[in-house]
2 protein chains.
Amino acid sequence: MHCEDCPIRYRAVCAQCEGDELATLEQMKFYRSYQAGQPIIWEGDRMDFVASVVTGVATLTHTLEDGRTQMVGLLLPSDFLGRPGRDQAAYNATATTDVVLCCFRRKPFDQMMRQTPHVAHRLLEMTLDELDAAREWMLLLGRKTAREKIASFIAIIARRQAALHKRRPGGRMQLDLPLTREAMADYLGLTIETVSRQITALRRDGIIEMVGKREVTLPDYDRLVEESGDDSDGGTLS
Amino acid sequence: MHCEDCPIRYRAVCAQCEGDELATLEQMKFYRSYQAGQPIIWEGDRMDFVASVVTGVATLTHTLEDGRTQMVGLLLPSDFLGRPGRDQAAYNATATTDVVLCCFRRKPFDQMMRQTPHVAHRLLEMTLDELDAAREWMLLLGRKTAREKIASFIAIIARRQAALHKRRPGGRMQLDLPLTREAMADYLGLTIETVSRQITALRRDGIIEMVGKREVTLPDYDRLVEESGDDSDGGTLS
DNA sequence: CACCTGCCTTGACCCAGATCAACACGACGG
DNA sequence: CCGTCGTGTTGATCTGGGTCAAGGCAGGTG
């Protein structure tokens, strides 16, 4: 009856749902796939569903008239997409790798949220986590140097991938960058050239090692964190 | 029995509360005042209440070890302070003018939130609005020029003050900057010198006029918005 | 009154990161 | 096999905003 491997059960909306509620969610749920590079939804478009990322990576971006672009959300598996209670998308959402979404039609979803306290609760919690992440991100954008930005970004990705594997980040570890240099630049408020140069610099200084252009190995996670400018490396896994 | 002039009734938590619920809220509510410059709570401190700003202006900031500071929240009257369901402050909160808070003890508040769907709902809505604001802010920090940042900031303050007076921003209008140059710099990811210079430049170019150091008059709100780099000036009042 | 002290402004100079340009390296299609 | 297109790297140069330094201007305070 319900789908064990759908991450929505574990992290996103319905961690505590049971019986009827789960059945209801299962009923209103459907899947959508997008290819790498494909837009998911455009700023201002009507958005008749909310969703949880099952696999792949999606981004939320804002763009100024003249083309300057800032990423404002990076959605990895188990992250939530869409704003409950509002049917207009506020940002451009794009699939940066192949993406599978587990979608819920807005109408019944909103209604369920209204009726089921712990779903509303869960959503509030997730939104607060996102707000915290956004504020950390603001510190990065406003006050960190290019090198610190790159180090922070890699550390963030490392933490999230460690979280997926249910491990603590630390020591020697391997990870892959799910974004192009351009997307990284948009994440960090830099240009692609600066991103490229700083990655080269971190490589030269032995902070990171790379195989190909996307796979990174960290000889020492803590060393990277030192470069990121953050004081408390902390356990912030989200 | 309940307090008509407490903004918490109108915007923040309990817009739809009635009867018993209101009475409960009134019971757990108390006021606190802070003088300009005084810290309200420090990152990592235990925070045993949540609150709504009644009067004055408070800020949330993040600071790196070496002192670099980024503002991550600007709280004007009716804004909400504190994270429901977590008792550790994640940011430094400071009163930048004299501030009066309408506080609620965390324990009973959390419990009420759990029992009263529309309170949880309201909180979700407010948090989503804050998230939107944070993302707009990220675009500003990552991609706007110093001049655009200043213009955006003034436009944001203008909108919020217009909202307080229940008017649409537009045409000729007057407002006062509730922040020092330093706080503005921390808001915008700039230095005080750059803030000062760009304000001078906007004044020189006739975009803004100033009496004293804090009071601004806009000859033409739309002209300011043009300078801010935003396309859709939009009605985003929050 | 003179003297701070806190905020703000302005000028001179510098540098981190943007811009402009060239090139490297697959992957892909013909 | 050769173009070419998308992605990434590297170099040369430029510039917006940071840094350092010198005042200006209230508002307190003795």
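Model, not experiment: these values are computed from the prediction. Every chain is numbered from 1 and lettered A, B, ... according to where its sequence line falls, protein lines coming before strand lines.
Residues passing the side-chain hydrogen bond (donor to acceptor under 3.5 Å, both in side chains) test with A/Thr194, sequence neighbours excluded: A/Thr191.
Look at B/Thr200 and you'll find a side-chain N or O under 4.0 angstrom from OP1 or OP2 of C/dT10. OP1 and OP2 of D/dT19 both lie 4.0 Å or more from every side-chain N or O belonging to B/Thr191.
Across all strands shown, B/Ile192 has no heavy atoms under 4.0 Å from either base or sugar-phosphate atoms. Among the atoms of the strands shown, none is found under 4.0 Å from any heavy atom of A/Ile199. When heavy atoms are screened at a 4.0 angstrom cut-off, B/Arg214 is found touching the sugar-phosphate backbone but no base atom. Residue-level contact check: B/Gly212 touches neither bases nor backbone, having no heavy atom under 4.0 Å from any strand.
Evaluation of atom-type donor-acceptor distances gives a pair under 3.5 Å for the side chain of B/Arg197 against the base of D/dT19. Interface remark: the B/Glu182 side chain does not form any donor-acceptor pair with the C/dC7 base, using a distance-only criterion of under 3.5 Å.
The aromatic ring centroids of B/Phe49 and B/Phe104 lie 6.0 Å or more from each other.
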Legend entry - Intermediate values then yes/no, side chain to side chain contact (heavy atoms under 4.5 Å, CB included), B/Trp137 and B/Met71: CA-CA 10 Å; B/Trp137 201 338; B/Met71 193 187 297; 4.2 Å; yes

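Of the candidate nucleotides D/dC20, C/dA18, D/dT10, C/dA18 has the atom nearest to the side chain of A/Thr194. Minimum atom distance to the side chain of B/Ser196 is reached by C/dT9, of the listed C/dA18, C/dT9, C/dC8. Between D/dG17, D/dG8, D/dA21, one nucleotide has an atom nearer to the side chain of B/Glu193 than all others, and that is D/dA21.
Here D/dG18 presents its C1' atom at 15 Å from CG of B/Asp186, a figure rounded to the nearest Å.
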